[in-house]
Amino acid sequence: MKKTRLIPVSQPSLIGNEKQYVIQCLDDNWISSQGRFIEEFEEEFRQFCGVRNAITCSNGTAALHLALLGLGVGPGDEVVVPTLSYVATANAVTYCGARPVFVDSERNTWNIDPGALEGTLTPRTKAIIAVHTYGCPADMGAIMSLAEQRGIYVIEDAAEAHGAEYRGQRAGSLGHVATFSFYGNKIISTGEGGMVTTDDDSLAKRIRQTKGQGMDPKRRYWFPVVGYNYRMTNIQAAIGLAQLENAEWHVRRRIEIAEEYKKQLAGVPDLVFQANPPDRRNVYWMTSVVVDPGARVSRDQLQEGLARAGIETRPFFYPLHSLPIYRDCGLGQAFPIAEGLAANGINLPSFAELSSDDLAFISKTIVAMHDTRIESPLPRKPS
Ligand SMILES: *Cc1c(COP(=O)(O)O)cnc(C)c1O
């Protein structure tokens with residue numbers, strides 16, 4: 001059998017000064033968690049988001065944990081989380097000894113549904129985590145006004161949304177505090193890495209202290225609070241700074257890829273793309289489609305057909321309420337929208353350097369599968 005080249009869902013694009021800056025860390029002997037790249041990366045990212053403070057950390061999950069700890073979330077508290085998210089969003093709440101409470105999704109943006117949100121708030125609710133799913137900003141206007149009425153904090157989980165905007169304002173500046181991931185598949189990457197952003201200076205101070213083992217910034221080896229080692233290295237920050245120098249390119253490429261898929265797949269029935277509401281800038285971390293449940297080619301058949309052609313895809317996340325570890329966090333609600341999206345959604349290859357030939361090949365493969373199905377239906381796989 002001919003061995004076909006695999007087109008991955010994602011890969012990092014190290015197209016700028018990444019190598020040069022990493023070599024500089026090695027040459028200068030600054031390989032640990034102090035050094036000029038940490039400071040420069042934080043400063044540039046702060047400006048990129050339009051906020052007062054940006055704090056590097058070891059990964060996006062640690063960033064969420066730090067944000068929650070900084071807001072004082074602890075045992076007995078509840079934190080509202082969209083059920084359609086990566087598990088880290090809920091895990092960080094659990095690390096604090098608090099309980100995640102899940103909310104269903106909006107049908108068009110796939111984000112936390114502000115309409116369903118109100119019903120999940122209790123006197124124990126301390127915060128809401130608004131995830132900007134796959135790069136589309138959540139409805140922050142509605143979420144912030146509800147939160148302000150109830151005296152609840154809002155954390156943006158912007159792990160998937162570097163450069164996204166809501167009413168002209170950048171993700172990372174829309175809630176009380178925000179978190180980013182720089183994992184290898186994210187829009188901006190440091191390999192592993194994370195960032196917390198906030199306009200609240202005293203919150204930023206607490207977060208800095210917590211990520212450095214809790215040490216008093218003015219008194220070495222004096223630890224007034226229990227902290228963590230959640231520091232980023234200078235090497236990671238060197239890669240991050242180089243990535244950030246080309247941030248607009250990285251973001252624009254994701255958007256262009258989504259636009260191109262939409263064009264080339266416009267004739268395929270039963271495929272729904274994520275919305276890009278006019279008051280937002282969806283940065284399409286992953287170009288994703290939801291297959292209509294009644295479609296001739298099901299989601300699983302589409303994934304299998306693409307895999308046979310050497311094209312990697314990913315299913316959407318399982319809704320978190322369906323995981324046994326979070327079985328008790330649904331407050332007896334139903335999550336019909338999230339369940340439908342999760343069962344029928346896939347992520348297509350979406351990395352910045354995806355060539356137009358590969359994108360056209362992927363689109364043609366999808367179109368061809370739909371054409372074939374009309375003439376000679378393949379047997380459905382027994383489930
Ligand atoms: C990637 C991601 C995270 C976690 O980031 P890590 O850097 O892998 O720890 C958290 N939330 C969401 C929505 C993500 O996509």
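Counting starts at 1 for both ligands and their atoms, in listed order. All residue numbers in this chain count up from 1 along the given sequence.
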Show your working on ring pair (Phe, Tyr, Trp, His ring centres under 6.0 Å) between F182 and H162 and close with a plain yes or no.
CA-CA 10 Å; F182 304 116; H162 315 68; 5.7 Å; yes
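- A tilted orientation is assigned to the rings of Y86 and F317, their planes being inclined by 30° to 60°.
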Got a list of side-chain donor-acceptor pairs under 3.5 Å for residues 251-258, not counting sequence neighbours?
unit_1	atom_1	unit_2	atom_2	d
R252	NH1	E256	OE2	3.3
R253	NE	A352	O	2.7
R253	NH1	E256	OE1	2.8
R253	NH2	A352	O	3.2
R253	NH2	L354	O	3.1
R254	NH1	W285	O	2.8
R254	NH1	S350	O	3.3

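- In this pair, Y221 and F223 present their aromatic rings tilted. The plane angle is within the 30 to 60° band.
- Protein residues with a heavy atom closer than 4.0 Å to ligand 1 are N59, G60, T61, S85, Y86, A88, T89, V131, D157, A159, E160, S181, K186, G193, listed by chain and number.
- When all heavy atoms are compared, the tightest approach of H176 to L203 is O-CD2, 4.1 Å.
- Under 3.5 Å, the side chains of D113 and S105 contain no donor-acceptor pair of N or O atoms.
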